[in-house]
Amino acid sequence: WLWGRDARLAALLGAAALVPVAALVVLGWLGATVHTRYACPSMYGWLLLAAIGLTAIYDKLRRDAGFALAATAPAIVLASVLVSNLIYYTGGYGHRERWREAAGYIQRHRVEGELVLADFVPLHIARYYLGTDDVHPLRFAFTEEDLAGYEAPAWLLVHGSAPTMIDRDEALPASLDLRAYFSHRTYQPYSSVHVYFFDPDG
């Protein structure tokens, strides 16, 4: 519809919507660490295209079929946005119940002297629920060599990644023992909370 009326604008908006996404696909294919949030520049192009498309659909349906049917198109889009926001805000870091349960598991099983390590955001959450600042940051690129430097047993609190992101489990040493799993029961952006245990004595 837009291409037939303003091809230059359609081309610019199409490029704005697709180039950032294509760039991430290429960078990911080349092995670079990319994240879905880095595609945010494409949102403006997609939003403008959606607004123009919805306006065209609404105007045509209102002329041909009346207001009630015309209103269904924007209603579907708004409903999908609301559902997406609901999933996002209850499925990610905002779902504190799973973090509380994971910290409670560590608290019940942890023996005095055992370390607690956590990802960046879980670091602060763990400190809050465990009631102590004695929780150490866990680097993302955490290797077997890093693990070998710990002489005391350690608990690790990490988020499990949804299929749209890098799998956190693959970035952790294989020798860790998965002790507990707390599912968010949602798809995006983080699917679960994992509790691992490391025993230097095997």
Side-chain angles (χ1 to χ4, degrees), residues 1-58 72-95 98-99 117-125 137-147 156-174 176 178 181-194 196:
W1 181 91
L2 181 60
W3 187 264
R5 286 160 174 76
D6 192 334
R8 182 169 178 270
L9 178 59
L12 289 172
L13 288 178
L18 295 173
V19 169
V21 178
L24 288 188
V25 171
V26 172
L27 287 171
W29 180 71
L30 292 174
T33 299
V34 295
H35 194 292
T36 51
R37 71 163 64 99
Y38 300 148
C40 61
S42 69
M43 288 300 297
Y44 302 102
W46 285 111
L47 287 171
L48 285 169
L49 286 171
I52 292 168
L54 281 174
T55 300
I57 292 170
Y58 176 83
T72 58
I76 290 170
V77 172
L78 289 174
S80 66
V81 169
L82 289 172
V83 170
S84 297
N85 284 337
L86 178 65
I87 291 173
Y88 184 88
Y89 285 113
T90 59
Y93 285 134
H95 204 161
R98 300 289 87 84
W99 293 111
L117 309 171
D119 278 335
F120 175 70
V121 172
L123 175 73
H124 307 291
I125 297 172
L138 177 67
R139 294 193 309 113
F140 186 83
F142 194 72
T143 65
E144 292 284 358
E145 289 74 20
D146 294 323
L147 206 56
L156 287 78
L157 182 63
V158 302
H159 58 70
S161 297
T164 55
M165 300 180 63
I166 296 171
D167 190 345
R168 186 66 174 97
D169 291 340
E170 294 180 0
L172 290 172
L176 290 172
L178 178 62
Y181 171 90
F182 302 89
S183 175
H184 285 322
R185 302 183 186 88
T186 56
Y187 179 82
Q188 169 76 341
Y190 296 102
S191 61
S192 54
V193 179
H194 297 178
Y196 291 90

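Heads up: numbering here begins at 1 and tracks the sequence. Treat the numbers as computed from the prediction; the structure is a model and nothing was measured.
Trp1 approaches Ile52 most closely through the heavy-atom pair CZ3-CG2, 3.6 Å. The heavy-atom pair separating Ile57 from Ala73 by the smallest distance is CG2-CB, 3.9 Å.
With rounding to the nearest 0.5 Å, the separation of CG in Leu54 from CG in Leu78 is 8.0 Å. Here the CZ-CD1 distance, from Arg98 to Ile125, works out to 13.0 Å after rounding to the nearest 0.5 Å.
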Listing, residues 10-31 side-chain donor-acceptor contacts under 3.5 Å, not counting sequence neighbours, or none:
none

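Leu157 is not listed as a side-chain neighbour of Leu117, based on a closest heavy-atom distance of 4.5 Å or more. Between Val193 and Val158 the shortest side-chain heavy-atom distance does not fall below 4.5 Å.
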